[in-house]
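To find a chain, count down the sequence lines: A is the first, B the second, and so on, and within it residues start at 1.
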Amino acid sequence: MQEVFPLSDLPFRVRFAPSPTGFLHIGGARTAIYDWLLARSTGGQFILRIEDTDRTRFVAESLQDIMDSLKWLGLDWDEGPGARGTDEKAGYGSDPTAHGPYGPYFQSERLDLYHKYARQLIADGHAYYCFCSSERLNAVRTAQEAAKQPPGYDRHCRTLSPEEVQSRFDAGEKAVVRFKMPLKGTTEVYDELRGKLSFENRTLDDHILLKSDGFPTYHLAVVVDDHLMKITHAVRGEEWIASFPRHVLLYQALGWELPKFVHLPIFLAPSGGGKLSKRHGATGLKEYRDKGYLPEALFNFLLLLGWHPSDEQELFTAEEALKVFTVDRINKSPVAFSTDKLDWFNGVYIRKMDPRELSKRCLPFLQESGLLPDPCPPERFEYLVKIIPLVQERLKWLTEISELVDFFLNEDIAVPKKELLVQKKSTPEETHVILQRSRAALAELSEFSHDAMEQALRSLAETMGIKAGQVFMPLRVAITGRTATPGIFETMDALGKERVLKRLDQAITVLN
RNA sequence: GGCCCCAUCGUCUAGAGGCCUAGGACAUCGCCCUCUCACGGCGAAGACAGGGAUUCGAAUUCCCUUGGGGCUACCA
């Protein structure tokens, strides 16, 4: 069943062919990652092709979002809009060769090609013109449903004579082109993951190839383009399996050799029930970026959703994945899209990251919340680099950075509430004494260092006959306003003596 | 409804007839570390959907049932 690709299949020429109808979907992102891995690991090409054949659903900003999202994930492509080494600025309406040798890469600019092959199919008896109105089609469908018949075109126009077709055109009627599906027989198709699949031709209807607006349907366009663009492996979502035989039949009718097909398992809702949709949280790739996920983490997470290495390695950089990614390790069962593990990956990558790099990634979020100015002065940025290691292992999402470092970046903090300063088993009076004596101990330190502070405060606790923690906690609240912070000595060190004493004085007044 | 796909812990998965008293990771729970929160360490709990068949032997092969999912547009 599972086939390991022989060397002769290399290199792979694969395409990612999104429809510009909205933002790049998380499922599409995984497909793109697999495409990219396959192309790059075999020395082949990765192509971006825009399937904009539905004019009613076209969203102009979508193309930019798709390209930005792919790049954010660290993917690059060889042909198509935005491809490296081509005129990356070129968009719609540019020279057909601007994005690579098999352009245009926008299907809306390849209409003459689809028309040419549609005509050829008609001439060869594999397709025909259909003049049925949508009203008639709806009526047919309704009747079929009422009669509990499987819905599908009733082939009303299949036997129209050439003369009648001509006269209808002469009368100004509009037509679509339909595929003339074989009435009997079985079509066997081969999926690289699932092996042989077979379909009874009689269960397939005469689907539309060319719409009345002159645009092709997916079925015609994908076959024509994959062939013309010399795609070796058509990698797409499992939702296409149902129309797989239509595509194979089209290849045969056109007399073309088939590429290999890989249908990736689809993403299900986190509960496993139903296809993943917006109702289950973020489905757009950019939403993950905005939620504070690292592209490295998302890449790693998506990589493992439907693919598994032969060993138990879980952490993969793109470079590492390139070395071991193969088609035969891709899974075929649907995947429940649960993000728990993504959260873990994010923490792992945050902890692994160089503090300066992490600071750069956090900067936009800090500027967003107003803790740092934009542009950020170098000395402020350097201070950020200094405190980042203190919160690094506590950061799970970049969006959390502000609440973790606000007391470092702000000169002053809000005066802590009395209830927060006084520990459960303590009293305002005792807390007052602790803070006052702590202040005194810290103030007289000649060297405001981690070790000096620790020594001074621990011996203070001993002198007072209380646990060290009973000193540290009120102190922590006094100087940060929070009960959960980095280590108290690291924190005071980063804050500096002046701010520490100032905040202590402020807290002490609360207890007076 | 019809056609098709899929089926191991809650989730992602390892497993291609004996190596499985089914392994790992996330999540959960407990303990430890500890100035808080995290991190980290250790441990616990947790699955082969059911039934037949083949075989000396089945999570692994075949069939049926069940369950889940996809498609069923002049959308992709």
Side-chain angles (χ1 to χ4, degrees), chain A residues 1-2 17-21 51-54 56-57 130 132-134 137-138 141 144-145 148-153 174-178 191 193-194 197-200 202-205 207-213 215-219 221-222 236-245 263 265-266 268-275 301 304-315 331-345 347 351 391-396 404 454 457-458 461 467-473 475-477 480 482-489 491:
Chain A
M1 270 259 243
Q2 293 184 336
S19 196
T21 53
E51 309 225 324
D52 55 350
T53 57
D54 185 345
T56 64
R57 294 203 305 157
C130 166
C132 292
S133 65
S134 50
L137 262 19
N138 286 145
R141 198 172 301 124
Q144 285 166 333
E145 275 164 23
K148 296 201 170 176
Q149 297 292 312
Y153 181 56
K174 287 214 166 190
V176 300
V177 173
R178 286 183 184 273
D191 174 82
L193 269 20
R194 284 160 264 261
L197 311 176
S198 64
F199 298 77
E200 296 295 326
R202 60 180 168 75
T203 65
L204 272 15
D205 75 347
H207 61 279
I208 291 172
L209 299 175
L210 218 48
K211 300 182 264 188
S212 58
D213 63 0
F215 278 66
T217 57
Y218 172 83
H219 308 298
V222 74
R236 79 229 290 205
E238 187 188 349
E239 66 270 24
W240 292 110
I241 288 181
S243 43
F244 193 3
H263 290 97
I266 53 164
L268 266 24
S271 59
K275 210 173 177 178
F301 174 67
L304 261 18
L305 239 39
W307 176 85
H308 195 279
S310 46
D311 56 19
E312 286 184 337
Q313 184 176 348
E314 298 244 54
L315 261 23
N331 281 105
K332 56 188 172 184
S333 25
V335 180
F337 187 81
S338 163
T339 53
D340 280 352
K341 204 163 187 170
L342 171 59
D343 293 344
W344 174 73
F345 273 126
R351 273 170 251 134
V391 297
Q392 199 155 3
E393 64 187 16
R394 297 167 172 81
L395 233 202
K396 203 163 182 181
L404 253 26
E454 177 157 18
L457 293 173
R458 283 195 189 279
K467 286 184 188 165
Q470 291 177 270
V471 173
F472 299 157
M473 191 46 99
L475 202 51
R476 162 176 287 110
V477 173
T480 67
R482 297 177 185 280
T483 52
T485 73
I488 188 70
F489 308 113
T491 299

Practice item. Look at the side-chain N and O atoms of A/Arg202 and state whether any lies under 4.0 Å from the OP1 or OP2 oxygen of B/rG2. Key: no
Check your understanding: To the side chain of A/Ile241, which of B/rC6, B/rA73, B/rC4 is closest?
Key -> B/rC4
Check your understanding: For B/rC9, which nucleotide is its Watson-Crick or G-U wobble mate, given both distances must be under 3.5 Å?
Key -> none
Exercise for review: Among the candidates B/rC4, B/rC37, B/rC74, find the nucleotide nearest to the side-chain atoms of A/Arg394.
Suggested key: B/rC37
Check your understanding: Does the side chain of A/Arg141 get closer than 4.0 angstrom to OP1 or OP2 of B/rC74 through an N or O atom?
Key -> yes
Review point. Among B/rA7, B/rU36, B/rC4, which nucleotide sits nearest the side chain of A/Met473?
Key: B/rU36
Review point. Where each residue is assigned the nucleotide of RNA chain B containing its nearest heavy atom, which of A/Ala484 and A/Ser133 is assigned the position nearer the 5′ end?
Key: A/Ala484
Practice item. Look at the rings of A/Trp240 and A/Tyr218 and say which category their plane angle falls in: under 30° parallel, 30 to 60° tilted, over 60° perpendicular. Key: parallel
Exercise for review: Could you give the distance separating B/rC9 and B/rG23 at their C1' atoms, to the nearest angstrom?
Suggested key: 12 Å
Check your understanding: Phosphate oxygens OP1/OP2 of B/rA73: is one of them under 4.0 Å from a side-chain N or O of A/Asn138?
Key -> no
Check your understanding: If we call it a pair only when both distances are under 3.5 Å in a Watson-Crick or G-U wobble match, what pairs with B/rC33?
Key -> none
Check your understanding: A/Arg236 and A/His263: side-chain donor and acceptor closer than 3.5 Å?
Key -> yes
